[in-house]
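What follows is a set of notes on a single structure, which appears directly below.
Atoms within a ligand are numbered from 1 in the order they appear, just like the ligands themselves.
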Amino acid sequence: MILMKDIVRDGDPVLRATAQQLDFPLNDETKQLAHDMMEFLVNSQDPKIAEKHQLRAGVGLAAPQVGQSIQMAALLVPGEDDEILLQEVIVNPKITRSSVRQAALAEGEGCLSVDRDIPGYVPRADKVTVRYQNLDGEEKELKLKDYPAIVIQHEIDHLNGHLFYDHINQTEPFSLPKNTIILS
Ligand SMILES: O=CN(O)CCNC(=O)c1cccc(Cl)c1Cl
Ligand code: NI
């Protein structure tokens with residue numbers, strides 16, 4: 001199972017690289033990594049398992065965060081109560097449409113690869129259309145809005161060498177670009 005010791009931290013060049021596209025069929029190692037990444041998210045969101053293994057909670061995990069510079073990320077976005085808004089492993093994702101309207105989470109963002117809290121709004125597109133391949137290589141399209149849209153953009157950023165704080169206004173961290181809404 002993936003543990004916090006396996007998570008690469010800011011400063012490692014892998015987090016600033018553009019990850020490699022994957023060809024299909026995926027080899028067994030890549031498929032195993034996909035399952036391990038999703039298992040980490042499930043574990044990190046289970047209070048007992050997270051406590052036992054001292055896992056920081058995550059709603060997404062990108063392969064570069066475990067040292068694999070490949071275009072793959074796992075998403076496990078919970079909704080109200082025990083509803084799951086999004087559970088998917090995405091390969092070779094591309095944002096094909098993004099709204100002019102932007103959104104930022106009221107509480108800012110955090111990242112397993114960034115050990116410090118960095119306060120500030122992270123403005124992102126409020127709606128995105130993402131084309132990607134699933135683990136079987138099938139072309140899929142996701143249209144997301146608000147929180148799930150924010151999360152998938154955080155993950156796709158990881159695949160392109162960006163970290164959430166790159167988007168925070170350095171002089172005015174809580175300034176809001178026009179047409180940006182705050183999501184609570
Ligand atoms: O890349 C994934 N991580 O670093 C996992 C830890 N961070 C989160 O779960 C997280 C927290 C807040 C806002 C967003 Cl958008 C995300 Cl993604
Ligand atoms: Ni992250």
Heavy-atom closest contact (Leu159 atom, Ala62 atom, distance) = CD2-CB, 4.0 Å
Joint hydrophobic cluster, Val42 plus Leu135, side-chain heavy atoms closer than 4.5 Å = yes
note = Distance col, row Met37:CE vs Leu76:CG, nearest 0.5 angstrom, shows 12.0 Å
inquiry  = Using 30° and 60° as the class boundaries, would you call the ring planes of Phe174 and Tyr121 parallel, tilted or perpendicular?
reply    = perpendicular
query = So do the side chains of Val91 and Thr30 get within less than 4.5 Å of each other, counting heavy atoms only?
reply = no
Which protein N or O atoms sit under 3.5 Å from any N or O of ligand 1? Give atom names and distances.
from, atom 1, to, atom 2, distance (Å)
ligand 1, 1 (O), Gln65, OE1, 3.0
ligand 1, 1 (O), His154, NE2, 3.0
ligand 1, 1 (O), Glu155, OE1, 3.0
ligand 1, 1 (O), Glu155, OE2, 2.9
ligand 1, 1 (O), His158, NE2, 3.0
ligand 1, 3 (N), Gly60, O, 3.4
ligand 1, 4 (O), Gln65, NE2, 3.1
ligand 1, 4 (O), Leu112, N, 2.9
ligand 1, 7 (N), Gly110, O, 3.0
ligand 1, 9 (O), Val59, N, 2.9

request  = Taking atom types as modelled, find out whether Gln32 and Asp28 have a side-chain donor-acceptor pair closer than 3.5 angstrom.
outcome  = no
remark   = For the Ni ion (ligand 2), protein N, O or S atoms at a distance below 2.8 Å amount to 3
query = Shared ILVMFWY cluster between Ile118 and Leu105, side chains joined below 4.5 angstrom?
reply = no
task = Give a yes or no on whether a salt bridge exists between Lys52 and Asp46, defined as a side-chain N under 4.0 angstrom from a carboxylate O.
result = no
task = Treating Ile, Leu, Val, Met, Phe, Trp and Tyr as nodes and any side-chain heavy-atom pair under 4.5 angstrom as an edge, say whether Leu33 and Leu41 lie in one connected cluster.
result = yes
